[in-house]
There are 2 protein chains.
Amino acid sequence: MTSILGYALLGLLAREPCSGYDLSRKMQKPISFFWRARHSQIYPELAKLEAQSLVTYTVVEQQDQPDKKVYTITSAGEDALRKWVSTPMDVSMLRDELILRAYSLWLASPDEARQLFLTHAQLHSEQLNMYEAVLQEMLAESHIQQVDSPQFGSYAVLMLGIGYERMYSEWCYWVAQQLEHGVTK
Amino acid sequence: MTSILGYALLGLLAREPCSGYDLSRKMQKPISFFWRARHSQIYPELAKLEAQSLVTYTVVEQQDQPDKKVYTITSAGEDALRKWVSTPMDVSMLRDELILRAYSLWLASPDEARQLFLTHAQLHSEQLNMYEAVLQEMLAESHIQQVDSPQFGSYAVLMLGIGYERMYSEWCYWVAQQLEHGVTK
DNA sequence: GCTGACATGTAACGTGTTACATGATTTT
DNA sequence: AAAATCATGTAACACGTTACATGTCAGC
C-alpha cells in the first residue's frame, strides 16, 4: 500500500519533522542516504502519506522566508515503518549502466573504453574518500554502537556505502588495467 | 534514442542471433548478466530496434516447436552498440531496498531485523559461491584475457558480481552481528 | 528590477511490473 | 485430457524523470 519512497520519507521524518522542501534536499545528495528522489515525486507522496494518517502537517508561517508545511510522523506512521524494516523481502536487483556496458566491452575501442573506466574509478574513489571522512566524524562524536539510536542507521548505511565504493572503484581500475595490458587478436 | 534495454538486447544479439523468447530467458537469470527484463518489455523493444534497422529478423519455421522470429544485429546496430559502450555517462544510482531499511534499523526489533539480515547474508553468499564456480569454469576453458572477445565482457561483469556479492554478504553479516552485540539504551 | 534561495505544486513522458490473451507442440 | 515448455504479443498500472508553472522573500 505504501511505496518504497513512502518509507524513505517516513524514515527521514522519524528522525525529525521536515517540510517537503527539506526532504527534497535530503534526498538529493547521497551522503548517508542512497535513495534519491525529486521534489515532483516527494510532494504527491507526502499527500498520500497524509491521506493514510501516517504523517500530519502544520503550516508554519515565516517572516524572512515563504510559509511552509512541516510534516511530522504519527505513531501509526512509526508503526508502519518499524514493521516494514523487518518484513521478509526479495533481493533487490542491481541496475547499473556501466556494468551493462562492460558486457559489450569487447566491441569497443580499448583506449576510449579505458578512459571511461578510469573516469568512473576516479569518481567512485572520490565518493569513497568523502564517505570515509564522514565515518571519521561519526566515530569521533556519537554513540553509533547503540543500535536503537538513529545514528546506528546512518552508520550501517555508511558502511555499505564505503564497501560499495571501494569495491566499485577497484573494479573500474582493474577493467582499465585489463584494457591496457590485455591481449588482442 | 535507443533505451538502455535496447543496448542490453543489442549486447546479447552481438554475440549470437536470438528469438525474443531466447532473449527473455537470458535476461531472467543473473548469471553474467545483471540487467533483467520481462518478455512484455522485450518484444516491444525488439520492434523498436527493428524500426531503426539496428536488428533484422527472419521467421524460422519449426516442426517440433512453434515458429519463431530470429533476430540478428545489423552493422548499424553494432556501430550504435560500440559507440554507446565508451560514451561518457553519469554514475548510476544504487537503489536497494535493504539499504534503505538499514537507515531505519534503530526503530526495529533487533531480533527480527537480525533474522532478515542473516537471511540476506545467506542469499548473497550463495550467489557469490555460484559466481565463483562460474569463474572457475571460465578460467579453465577460454581466452578471457583477450579484450576483444565476448568472453572478456562476461569475465568483466562476473568479476564485478563477485566483488559485489562478497561485499554485500559481509555487510549483512556485520549488521546482524551489530544487532546481536550492540548496546541498547 | 534581477537573481537566487526558499517553497509547493502539476503534466507529460519514459521505463518497468503485473496481468491479460492466445496459440502450437510435447510429455505425462 | 491436462500440464509443461515454447512462442509472441497487448493492456493497465506503478514508479521515476523532465519540464512546466507559480509565488515569497532577501540581497544586490
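Chain identifiers are assigned alphabetically (A, B, ...) following the order of the sequence lines, protein sequences preceding nucleic acid strands; residue numbering begins at 1 within each chain.
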**Student:** Could you tell me which residues satisfy side chain to side chain contact (heavy atoms under 4.5 Å, CB included) with S24(A), sequence neighbours excluded, listed by chain and number?
**Tutor:** Q28(A), H39(A), I42(A)
**Student:** Rounded to whole Å, how long is the line connecting atom CD of E61(A) with atom P of dG23(D)?
**Tutor:** 19 Å
**Student:** Is the shortest side-chain N/O distance from R95(B) to OP1 or OP2 of dT17(D) below 4.0 Å?
**Tutor:** yes
**Student:** Go through DNA chain C in 5' to 3' direction and return only the first and the last nucleotide with some atom under 4.0 Å of chain A's heavy atoms.
**Tutor:** dC6(C) to dT17(C)
**Student:** W171(A) vs F117(A) aromatic rings, parallel, tilted or perpendicular, using cut-offs 30° and 60°?
**Tutor:** perpendicular
**Student:** Mind running a 4.0 Å heavy-atom check of residues 35-48 of chain B against DNA chain C and sending the residues that fall below it, in number order?
**Tutor:** W35(B), R38(B), S40(B), Q41(B)
**Student:** Which residues pass the salt bridge (Lys or Arg N to Asp or Glu O under 4.0 Å) test with D96(B), not counting sequence neighbours?
**Tutor:** none
**Student:** Tell me: CG of D22(B) to P of dT5(D), nearest whole Å?
**Tutor:** 16 Å
**Student:** Under 3.5 Å, side-chain donor or acceptor atoms of residues 57-66 of chain A against the rest of the protein: list the pairs with distances, not counting sequence neighbours.
**Tutor:**
from, atom 1, to, atom 2, distance (Å)
Q62(A), NE2, P66(A), O, 2.6

**Student:** Inspect the contact between E97(B) and R101(B) and indicate whether a charged nitrogen and a carboxylate oxygen are less than 4.0 angstrom apart.
**Tutor:** yes
**Student:** If you find the nucleotide of DNA chain C closest to D67(A) and the one closest to I4(B), which residue's nucleotide is nearer the 5' end?
**Tutor:** D67(A)
**Student:** Is V91(A) reachable from M167(A) through a run of hydrophobic residues whose side-chain heavy atoms are each under 4.5 Å from the next?
**Tutor:** no
**Student:** Donor-acceptor pairs under 3.5 Å, side chain of residues 68-80 of chain B to any protein atom, not counting sequence neighbours: which ones?
**Tutor:**
from, atom 1, to, atom 2, distance (Å)
T74(B), OG1, S53(B), O, 2.8
T74(B), OG1, L54(B), O, 3.0
T74(B), OG1, A76(B), N, 3.4
T74(B), OG1, G77(B), N, 3.0
D79(B), OD1, R82(B), NH2, 3.3

**Student:** How many whole angstroms separate atom CE of M93(B) from atom C1' of dC15(D)?
**Tutor:** 12 Å
**Student:** Is Q65(B) near enough to dT5(D) that one of its side-chain N or O atoms lies under 4.0 angstrom from OP1 or OP2?
**Tutor:** no
**Student:** Using the closest heavy atom to pick a nucleotide of DNA chain C for each, name whichever of S3(B) or Q63(B) lands nearer the 5' end.
**Tutor:** S3(B)
**Student:** F152(A) and side-chain contact (heavy atoms from CB on, under 4.5 Å): which single residue from S149(A), P150(A), S154(A) fits?
**Tutor:** S149(A)
